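Naming convention: chains lettered A, B, ... in sequence-line order (proteins, then strands); numbering from 1 in each chain. Because the structure is a prediction, the values reported are computed rather than measured.
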2 protein chains.
Amino acid sequence: MKKSDAGAGEQAVTSSGRVKDLLRQDILRGVLKPNQRVTLADVAARYGVGQMPVRHALLQLEGEGLLEISAHKGATIRRADAKFVYDMYEIRRVLEAMLIGSAVKVVRADELAAIRKAQDHFEAVATTGNEAALLKANTDFHNIINRIGNNPEATRYINRGWDLIHAMRLQFGFGRSRVAAMVSEHRSIVAALEARDHDRATSVAEEHCRAARDDLLARIASVG
Amino acid sequence: MKKSDAGAGEQAVTSSGRVKDLLRQDILRGVLKPNQRVTLADVAARYGVGQMPVRHALLQLEGEGLLEISAHKGATIRRADAKFVYDMYEIRRVLEAMLIGSAVKVVRADELAAIRKAQDHFEAVATTGNEAALLKANTDFHNIINRIGNNPEATRYINRGWDLIHAMRLQFGFGRSRVAAMVSEHRSIVAALEARDHDRATSVAEEHCRAARDDLLARIASVG
DNA sequence: AAGTGGTCTAGACCACCTT
DNA sequence: AGGTGGTCTAGACCACTTA
């Protein structure tokens with residue numbers, strides 16, 4: 001973990017970095033809704049900075065796929081419809097399958113322990129009903145496995161733009177039995193990794209992804 | 001095709017858009033080499049604009065994965081080693097397999113005709129030995145198929161950052177028999193699509209990608 | 001035809017890396 | 001401490017959108 005990284009979790013040292021993180025949070029928490037316009041003056045006034053750092057932040061968030069900018073017309077939060085959700089989960093499905101397929105061949109005992117620990121934490125959070133914490137624990141679990149897959153580009157792609165999906169998940173919540181299913185699917189993933197069973201690991205990971213996708217799409221459809 | 005798009009091929013209407021395209025070309029043609037620092041003052045002077053449009057262009061290119069920016073330290077062209085090439089081709093392999101798997105189920109007769117036409121053009125260019133034109137014809141061929149896969153996000157991801165790979169390909173060239181193999185592999189892809197054979201289409205596409213990867217890696221290794 | 005809002009220039013400021 | 005070079009402010013300019 002380099003110190004100079006101004007990534008999502010770390011402390012931003014520039015104004016534009018701070019604005020970027022604040023905007024990301026606003027998107028995640030639904031303060032900024034899909035399809036909404038974002039003007040330089042508004043954001044600059046809200047956060048007490050000039051327009052330039054805001055513009056830099058917007059350009060970077062555009063690169064992450066969270067919003068769209070067109071010349072002389074400004075930025076709008078990317079609108080995320082059912083097709084977008086479906087497409088994003090399909091990408092995640094094949095990339096995670098690829099990564100777990102690589103991971104299963106090289107995973108070490110201490111890495112398996114870290115995965116199990118993340119899963120224990122996930123199961124603990126699952127009993128609390130705190131969906132924001134659950135989302136984070138789930139992300140952590142998958143990121144550990146993905147990183148062992150040893151393809152940093154793919155790991156980046158998987159998380160790119162995913163904040164939009166997380167925002168929808170926070171808005172629509174999980175289906176009634178989905179949390180319990182997640183726990184059990186994660187256990188299957190861990191078991192497949194421990195058995196170093198390549199085909200089972202990839203198929204279980206793909207099924208996990210499809211189930212998450214279908215649950216979210218059902219939640220979206222049921223609300224309208 | 002929207003007019004307001006300031007995308008790669010179209011006419012950029014802003015200074016930063018022009019600078020972005022120029023920088024992309026410079027990366028592609030090897031004027032800017034991997035690992036090289038890119039300073040605002042240099043680029044601004046070279047293209048006769050202020051530093052701000054340059055900075056905007058750099059931020060956007062960072063989002064495309066072509067370079068890295070760290071706060072107060074500036075931008076460097078992303079360095080692309082053998083592992084990076086391998087990883088990028090792995091991503092392309094699984095995403096293109098996914099897309100052709102979708103495409104084979106929905107492809108229409110007129111789309112098949114367009115694919116065949118692109119392949120005819122590719123074969124015509126293949127006889128000329130013009131590698132830049134060959135690269136473009138190859139990209140066009142694959143983009144047509146990918147687009148039929150109807151996952152715009154995935155299509156975007158596939159092309160994201162690929163300029164770095166193209167730059168290496170232009171630098172190292174194709175292996176002796178690679179061009180002929182590309183022609184024949186493309187024909188297999190077209191045949192699988194025409195037969196609407198899902199499994200054959202995905203496996204042929206994956207093999208095509210692996211062969212391209214191994215050829216480029218061999219070229220890189222042989223030069224040193 | 002005016003208003004809104006994005007784009008660009010010039011210059012001040014300041015973080016980082018030398019000597 | 002000085003130099004280099006990225007970051008930010010203020011304001012002019014101009015494209016796009018109302019009426």
* To do: Step through it carefully: locate the ring centre of B:Y89, locate the ring centre of B:W162, and say whether they are under 6.0 Å apart.
  =>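 Ring-ring flag for B:Y89/B:W162: true, centres closer than 6.0 Å.
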Hydrogens and angles aside, do [X] and [Y] bring a side-chain donor and acceptor to less than 3.5 Å of each other?
| X | Y | answer |
| --- | --- | --- |
| A:N146 | A:E96 | yes |
| A:S222 | A:R219 | no |
| B:H186 | B:N138 | yes |

* Starting at NZ of B:K73 and ending at C1' of C:dT18, how long is that distance when rounded to a whole Å? ->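 These atoms are roughly 14 Å apart.
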* To do: To the nearest Å, give me how far apart CD1 (A:I69) and P (C:dG5) are.
  => 16 Å
* Nucleotide by nucleotide, 5' to 3', does protein get under 4.0 Å of the base (B), only the sugar-phosphate (S), or neither (-) in nucleotides 8-15 of chain C, counting heavy atoms? -> BBB----S
* Could you point out which residue of A:R78, A:R37, A:R79 forms a salt bridge (charged side-chain N to carboxylate O under 4.0 Å, His left out) with A:E68? =>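 The single option meeting the salt bridge (charged side-chain N to carboxylate O under 4.0 Å, His left out) with A:E68 is A:R78.
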